[in-house]
Enquirer: 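What follows is a structure written as structure tokens; I'll ask about it next.
None of the values given here were measured: they were computed from a predicted structure.
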Amino acid sequence: MKTKIIRKTIINKIGCFVAWWILRYCNDGLVIVRKGGARQIIKVFAEPAYRNVIKPAIYRATEVIKIGDVVTDNGYHGEVVVTCIDYSYNTFRGYYRADGAVVAGLKLKDFKKIVGHIDVKIENPQKQK
């Protein structure tokens, strides 16, 4: 039990020393070159900066809107189901989830995903006799 506490203390002190060294001697972070030639940067951030700036930016960068997603702009358009994406103009087409009205030319940057994917099944209308 005591060895686990000592081990955690040593690892914590080594981590603090490495973070201090990176902050002190590396302006843009510590650059490590891997065997294949890939360059990686180790950067140390303060906890509030990471929580309020870095983490939300990573989340927004990885949140990709795909066909079948339900998106919203929290305003005029409400909930829209994406049916077609034009990446050259960063726009998409879809339909309103509430009434099914078709909408086109909406900008991807103005919308955020609220539902990952819905299964859209469109049935052929039955012939009435």
Enquirer: Please give me the minimum heavy-atom distance between V103 and V80, naming the atom from each residue.
Expert: CG1-CG1, 4.0 Å
Enquirer: Measuring only between side-chain heavy atoms, which start at C-beta, is T3 closer than 4.5 Å to R7?
Expert: no
Enquirer: Sequence neighbours left out, cut at 3.5 Å: what donor-acceptor pairs do the side chains of residues 41-50 make with other protein atoms?
Expert:
residue, atom, partner, partner atom, Å
K43, NZ, N27, O, 3.2
E47, OE2, R51, NH2, 2.8

Enquirer: Any chance you could measure D73, atom CG, to D110, atom CG, to the nearest 0.5 Å?
Expert: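 D73 atom CG to D110 atom CG measures 7.0 Å (nearest 0.5 Å).
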Enquirer: Could you report the tightest heavy-atom contact between K107 and F92, atom names first, then the distance?
Expert: O-CE2, 4.1 Å
Enquirer: Which hydrophobic side chains are connected to Y89, either touching it within the sub-4.5 Å cutoff or through other members that do?
Expert: none
Enquirer: Is there a path of hydrophobic side-chain contacts, each under 4.5 Å between heavy atoms of I, L, V, M, F, W or Y residues, that connects Y87 with V71?
Expert: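 Same cluster.
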Enquirer: If you look at every heavy atom in A104 and R93, which pair is closest and at what distance?
Expert: CB-CG, 3.4 Å
Enquirer: Is there a chain of hydrophobic side chains (I, L, V, M, F, W, Y, each step under 4.5 Å between heavy atoms) that links L23 to F17?
Expert: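 Yes, L23 connects to F17 through the hydrophobic network.
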Enquirer: Can you see which heavy atom on V31 is nearest to which on R39, and at what distance?
Expert: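 Nearest heavy atoms, V31 then R39: CG1-NH2, 3.4 Å.
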Enquirer: Grouping I, L, V, M, F, W and Y whenever their side-chain heavy atoms are under 4.5 Å apart, do Y76 and L108 come out in a common cluster?
Expert: yes
Enquirer: Would you say V102 and I85 are hydrophobically clustered, going by side-chain heavy atoms of ILVMFWY under 4.5 Å?
Expert: no
Enquirer: I65 and K113: which non-hydrogen atoms are nearest, and at how many Å?
Expert: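 Closest approach of I65 to K113: CA-CE, 4.4 Å.
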Enquirer: Closest heavy-atom contact between Y95 and G100?
Expert: CB-O, 3.9 Å
